[in-house]
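Positions are given from 1 along the sequence.
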Amino acid sequence: MAELKLCLKIEGNDDRTVLVNRNEFTVGRWQQCNLHLPFAGISRLHARFLQTDDGSWFIEDLGSKNGTLVNGNLVNSPQLLNNGDVIHIGMAFLVVILVNSTQSSKNADTSSEGITILRHVKELQQQWIQADNQGDKNSNQEKSIARLKDLVEIAKVLNSAASIEGIFSQVQTVVFRSLKSIERLALLIDVTGTGKLKLIKAAAKNISAQHKIANDPTWISRSICHNVFINKLAIYTADAQTDQRFEGEHSILAKGIHSVMAVPLWDENRVVGVLYADGHLNFGHSAQTSEDDLSFFSALGNLVASSVQRWLLTLKLRSEETIRQKLERYHSPAVVQQMMRVGALQNGRILPKEGDISILFADIVGFTALSERLSPGEVAELLNSFFEEMLQEVFAVGGTLDKFIGDCIMAFFGAPEPQLDHAERAVAAAWGMLKRLDDLNANHRLREPLQLRVAINSGKAVVGDVGSSQRVDYTVLGATINLASRMEAICPAGECVLGETTYALLKRQEDFDELGIFRFKGIDRPVRVYHSQRTSKFEY
């Protein structure tokens with residue numbers, strides 16, 4: 001009993017393999033056909049394949065306009081098909097693959113004599129250096145010694161390779177030199193540590209094919225890679241199309257994948273990726289030779305795994321440093337350390353979430369008039385000095401810088417790490433800023449004497465990274481922020497005003513007096529506002 005597969009070749013399209021899974025199988029331009037071929041020169045119901053009771057396969061033309069050809073001869077009546085026959089239908093070519101089901105079953109159970117070898121990587125750790133006692137002993141010893149030298153040399157180079165390009169370049173050189181049948185090579189790595197393999201580098205022995213495969217993963221069987229990665233299997237197959245173990249893998253059939261060798265990048269602790277190759281693999285030589293090739297490829301994968309581990313660690317450290325530098329623009333060092341320790345980031349971003357916070361706006365009084373008297377360079381110098389001093393008060397109580405808005409500092413308390421006393425912290429920061437500015441003015445440490453007004457409001461807000469893929473800002477959003485911004489405009493020079501929610505959260509309310517009840521643009525209710533006494537000794 002023979003099973004039928006068809007290797008479909010159409011100019012301008014990728015080759016793919018079609019499994020004929022019924023005794024009567026139709027081909028044509030009509031969508032209801034078992035094999036739908038919407039191409040020029042093909043009739044709606046062009047031809048069909050038939051399997052007889054004895055398991056033989058025939059093809060029959062169904063009165064098509066342009067006819068059906070087998071090996072260049074027109075089909076006038078049902079014609080018996082043989083393995084390797086070429087069928088011409090319009091602009092499509094179908095290569096017949098007949099698989100003996102009995103032999104396939106035998107192959108599926110025999111790993112060393114069949115068309116596929118599956119080995120757990122532990123079995124292959126030292127097998128590659130063993131000579132084939134049944135063959136030419138001297139020849140095999142010379143081959144093993146040459147491969148040992150290759151591995152020793154590449155181990156030296158990989159230990160000093162600083163980039164993934166350097167790692168792959170050395171691997172590519174050794175593979176194409178030592179494994180003559182390999183035509184294409186790919187390195188896939190689990191960069192994120194989530195089990196998702198990413199094509200990092202690829203190379204072809206044929207230079208003209210290099211550009212096509214460099215960033216195109218479609219030639220790689222994801223199902224084989226997944227099996228290798230998850231189960232720590234080294235796989236060598238001379239024809240995946242005719243091996244029943246791959247029969248359920250749609251990607252292998254659809255892509256027409258035949259000869260593949262793949263091994264896990266495994267360093268005794270974890271699998272970090274897959275080394276994948278394809279080419280003209282065959283079992284024309286001894287099964288032992290095939291085993292040796294796979295063992296050598298697996299040993300190479302083990303060496304590469306250690307280098308990839310170092311590369312991944314370097315990537316992680318660089319990423320963490322970038323994230324840390326970003327966070328230190330907004331948070332105090334203590335908060336940054338806590339966030340990095342508990343892993344509060346996802347893909348380098350702080351996901352927006354709602355929480356209770358206190359928001360602070362600190363604005364320079366009369367800045368517009370001041371900027372008209374000074375040159376742009378002098379204004380920038382003044383602001384830099386001012387911001388540097390004021391942020392020390394924000395960070396001292398665990399606050400977070402949202403942004404600078406011209407001459408205004410926008411900061412908040414209570415996020416990203418929850419702070420039950422966020423209102424107390426915000427008021428302490430405001431009072432510290434006012435006191436520090438008094439000292440700066442008294443000691444003439446700024447280019448110009450400045451006055452500050454501060455507004456604080458507390459309530460619900462959404463906090464996190466907000467923006468596009470090109471630009472992201474860590475910020476707070478919500479009505480709580482809008483009210484604080486409006487309140488800043490009514491604050492007397494040199495003082496701090498509080499919203500009624502902030503006032504209610506304070507333990508020492510005696511440091512503040514009621515300023516009045518106000519209505520603000522965009523706020524649909526009157527708001528009671530409080531302000532600080534200049535003689536207050538409020539401390540956090």
Side-chain angles (χ1 to χ4, degrees), residues 330-332 334-335 355-365 386-387 389-405 408-441 450-461 463 476 478-518 520 523 527-540:
Y330 307 111
H331 309 288
S332 66
V335 172
D356 291 310
I357 68 158
S358 289
I359 184 79
L360 176 151
F361 284 88
D363 191 25
I364 296 176
V365 178
F386 170 75
F387 289 149
E389 295 285 343
M390 296 301 105
L391 280 186
Q392 292 186 44
E393 298 297 334
V394 173
F395 289 165
V397 292
T400 295
L401 171 67
D402 186 298
K403 63 176 68 71
F404 299 121
I405 310 171
C408 177
I409 297 173
M410 179 178 171
F412 57 89
F413 305 80
E417 291 299 311
Q419 297 165 331
L420 297 178
D421 57 348
H422 52 83
E424 303 275 350
R425 292 172 184 260
V427 172
W431 188 240
M433 294 166 80
L434 291 169
K435 288 178 64 178
R436 181 180 285 258
L437 187 57
D438 285 344
D439 292 340
L440 292 172
N441 289 333
L450 301 176
Q451 281 189 304
L452 191 63
R453 53 189 173 203
V454 185
I456 300 173
N457 190 40
S458 304
K460 295 288 186 183
V463 187
V476 286
T480 300
I481 291 81
N482 297 335
L483 178 54
S485 177
R486 300 284 192 272
M487 286 167 47
E488 188 268 333
I490 67 165
C491 179
E495 294 194 14
C496 170
V497 295
L498 312 178
E500 53 195 6
T501 305
T502 305
Y503 179 79
L505 291 171
L506 297 180
K507 296 176 182 177
R508 290 185 53 179
Q509 297 176 340
E510 63 270 19
D511 288 315
F512 297 87
D513 294 326
E514 184 177 326
L515 184 62
I517 298 176
F518 297 84
F520 299 100
I523 309 298
V527 178
R528 193 180 303 274
V529 178
Y530 298 82
H531 72 123
S532 63
Q533 301 175 19
R534 292 296 290 137
T535 58
S536 172
K537 300 299 181 183
F538 185 94
E539 294 182 359
Y540 172 69

For E500, what residues pass the salt bridge (Lys or Arg N to Asp or Glu O under 4.0 Å) criterion, not counting sequence neighbours?
R525
State which residues pass salt bridge (Lys or Arg N to Asp or Glu O under 4.0 Å) with R436; sequence neighbours excluded, sorted by chain then number.
E389, E393
If you take all heavy atoms of [X] and [Y], which pair is closest and at what distance?
X	Y	result
Q509	Y503	NE2-O, 2.9 Å
C408	D363	CB-OD1, 3.9 Å
A362	M433	CB-CE, 3.5 Å
A461	I357	CB-CD1, 3.6 Å
A484	I359	CB-CG2, 3.4 Å
L450	N441	O-ND2, 2.7 Å

Side chain proximity check, [X] to [Y], heavy atoms < 4.5 angstrom:
X	Y	answer
S358	L360	no
L498	L506	yes
I456	F413	no
E495	L515	no
I409	F386	yes

Heavy-atom donor-acceptor pair, [X] side chain to [Y] backbone, under 3.5 Å:
X	Y	answer
T400	A415	yes
D402	F412	no
N457	T480	yes

Quick one: do V497 and F518 satisfy side chain to side chain contact (heavy atoms under 4.5 Å, CB included)? Show the steps, please.
CA-CA 12 Å; V497 295; F518 297 84; over 6 Å; no
Checking D356 against K460 for the side chain to side chain contact (heavy atoms under 4.5 Å, CB included) test, could you report, in this order, the C-alpha distance in whole Å, the side-chain angles of both residues, the deciding distance, and whether it holds?
CA-CA 5 Å; D356 291 310; K460 295 288 186 183; 3.2 Å; yes
Should I481 and F361 be marked as a side chain to side chain contact (heavy atoms under 4.5 Å, CB included) after you check the CA-CA gap, both sets of side-chain angles, and the distance that decides it?
CA-CA 9 Å; I481 291 81; F361 284 88; 4.0 Å; yes
Is it true that K507 and E424 have a side-chain N and a carboxylate O under 4.0 angstrom from each other?
no
Determine, step by step, whether T502 and S458 satisfy the side chain to side chain donor-acceptor pair (under 3.5 Å) criterion, reporting the C-alpha distance in whole Å, the side-chain angles of both residues, the deciding distance to 0.1 Å, and the verdict.
CA-CA 5 Å; T502 305; S458 304; 2.6 Å; yes
Derivation and outcome, side chain to side chain contact (heavy atoms under 4.5 Å, CB included), residues M390 and L452:
CA-CA 11 Å; M390 296 301 105; L452 191 63; 4.1 Å; yes
Kindly write out the residues that satisfy side chain to side chain contact (heavy atoms under 4.5 Å, CB included) with L420, not counting sequence neighbours, or none if the list is empty.
none
